[in-house]
Amino acid sequence: MVRPAVGVHEATRRRMLLILVAAVSSFSFCFAKTGFVKDQNEDLIKFPPKISPLPDAAIPLGHLRPLGWQRIPDGEVVQLFSMPGPREFHEKFVSIKKPVVFRKAIEDISAIKNWNKKNYLKDTYGDLDIHVVVKKEVLKSGPKKMSFKKFLKEYNYEDWYLSNYVPLEMMKELVLPKCLKCGFRRWLMESEIWMSSGGTASLLHSHADHDLHCLLTGRKDFILIDPKHKNSLSYHDKPPYIGSGYSDMDMDRINMFKHKSVADVPWIWSTLRSGDCIFIPAGHLHQVRSYGRSISSTNHFSPSPDVVFDDCSGVDLNETVPLNEAGFMWTYKDGKLLLSNSRLGAASMKHHLLMVMRDQETLTYELFEAFYEETMQQARDFPDVESSWRLISSENQTSLSRNEVKELKNEALQKLAGVFNIPHQQLATKPKRDEL
């Protein structure tokens with residue numbers, strides 16, 4: 001029997017090894033992503049769902065189904081086909097905390113025209129730092145920071161959605177909606193951008209601020225629930241921000257044996273398409289689902305009882321106001337959250353305190369502390385919160401009434417403003433690294 005030469009065996013072994021390495025490399029490359037490309041069909045799911053009784057009466061209606069399957073909705077959110085001016089908006093909706101949808105309210109804007117172009121966002125804003133939320137992990141780990149370029153490269157495969165203050169660089173392509181151009185304009189808190197590749201469901205949640213949510217592209221379904229029902233929904237408040245909170249129920253699979261009261265909670269709905277905006281009052285519970293590639297922006301404004309419209313005289317409501325000129329309290333620049341006003345004085349400091357009070361009658365120490373800590377995120381060295389609070393309060397005082405805030409002396413407010421200006425001052429004088 002003739003045996004093959006050793007060299008033949010070695011050559012065969014090497015060929016097999018190369019084939020195996022190539023196969024493994026190909027497998028690794030194909031499955032580098034954690035999932036498959038998401039379905040971009042905006043109309044894949046019908047909403048609201050058509051609900052039929054289950055054949056087994058022992059199983060509650062909507063058990064292990066998404067929120068909304070547990071009972072028929074009570075109707076659709078009121079919709080208008082033109083956006084009102086600020087006074088009418090306040091009288092008919094904001095003052096009574098009534099949700100409303102404005103159809104085709106922001107059609108002809110740069111963001112809608114440009115952000116759908118291939119590679120435009122990557123080429124124009126790819127180097128910006130943004131925050132990304134991992135679906136169903138938001139309660140465990142919170143947002144993750146990454147470059148916009150990385151997000152755009154991966155989000156079609158991952159369970160990610162962008163949730164970020166609108167970077168200052170991107171604000172010039174968004175506009176201030178007509179209903180906010182005066183009156184409310186003094187009370188603008190922040191603007192946020194949301195983006196996903198579809199199949200995204202939020203928690204059932206609420207904000208301490210009023211929210212005007214405008215869809216730039218894609219489709220979003222909204223479920224809205226009056227806050228008086230939150231005790232039936234495994235709801236958790238997020239102090240010290242009154243009105244802010246969330247439900248810890250799994251919105252994709254409601255356990256109706258555990259959460260029987262969900263079946264008794266009335267809800268209303270709306271579906272938004274490109275150019276539509278929805279007003280969600282402060283404290284109002286809502287859950288959002290997106291389909292296809294979805295981008296939206298939100299404008300949050302304080303639910304203050306001090307809103308007046310004496311600045312509306314002479315304002316052209318049809319004039320375009322880019323968001324970077326709108327005057328939000330917060331801005332997001334170079335990946336950092338900062339107060340927009342870098343030179344606070346006594347008057348502007350007082351106004352900021354009234355803004356964070358929102359519709360509450362007292363400024364508590366806890367609320368001041370939360371505002372202070374958020375402001376000082378970018379500061380390296382600053383006074384402790386207790387000493388800063390004492391600049392405007394007496395010994396052992398734990399809260400200030402609305403009237404007390406309004407009557408604070410300019411001297412005290414100016415000293416506090418000097419403290420709140422520290423982050424901007426330190427960033428302006430941040431030492432540069434030595435260059436070799």
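- In summary, Arg186 and Asp310 engage in a salt bridge, as defined by a charged side-chain N under 4.0 Å from a carboxylate O.
- Ring planes of His286 and His207: tilted class, angle from 30 to 60°.
- When all heavy atoms of Lys220 and Val288 are compared, the closest pair comes out as CD-CG1, 3.8 Å.
- Two rings, from Trp389 and Tyr365, have their centers less than 6.0 Å apart.
- Between Gly68 and Pro49, the shortest heavy-atom distance links the atoms O-CG, 3.7 Å.
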request  = Just do the ring pair (Phe, Tyr, Trp, His ring centres under 6.0 Å) check on Trp187 and His210 with the steps written out, would you?
outcome  = CA-CA 10 Å; Trp187 302 90; His210 294 315; over 10 Å; no

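- At least one cation-pi condition fails for Arg103 and Phe81: the charged atom is not both under 6.0 angstrom from the six-membered ring centre and inside a 45 degree cone around its axis.
- Enclosure of atom CD in Glu386 by more than 12 non-hydrogen atoms of other residues, nucleotides or ligands within 6.0 angstrom is indicated.
- When all heavy atoms of Val356 and Leu367 are compared, the pair lying nearest together is O-CD2, 3.3 Å.
- Tyr120 and Tyr125 have perpendicular rings, their planes meeting at more than 60° on a 0 to 90° scale where under 30° would count as parallel.
- Using cut-offs of 30° and 60° on the angle between ring planes, the pair Phe382 and Tyr372 is perpendicular.
- Taking both residues in full, the closest heavy atoms of Pro227 and His284 are given as CD-ND1, 3.8 Å, listed atom of the first, atom of the second, then distance.
- The pair Asp252-Arg289 meets the salt-bridge criterion, since a charged nitrogen lies less than 4.0 angstrom from a carboxylate oxygen.
- Within 6.0 Å of the CD1 atom in Ile72, the count of heavy atoms belonging to other residues, nucleotides or ligands does not exceed 12.
- Ring centroids of Phe328 and Tyr165 are separated by 6.0 Å or more, keeping the two rings apart.
- Using a 4.0 Å cut-off between charged nitrogen and carboxylate oxygen, Lys113 and Asp108 count as a salt-bridge pair.
- Ring centroids of Phe102 and Phe279 are separated by 6.0 Å or more, keeping the two rings apart.
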message = Go through it in stages, so that I can follow the logic: the residues are Asp359 and Lys97, the test is salt bridge (charged side-chain N to carboxylate O under 4.0 Å, His left out), and I'd like the CA-CA distance, side-chain angles, deciding distance and then a yes or no.
response = CA-CA 12 Å; Asp359 55 358; Lys97 293 192 172 182; 3.4 Å; yes

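- Heavy-atom contacts from other residues, nucleotides or ligands closer than 6.0 Å to NZ of Lys92 number 12 or fewer.
- A perpendicular orientation is assigned to the rings of Trp330 and Phe371, their planes being inclined by more than 60° (bins at 30° and 60°).
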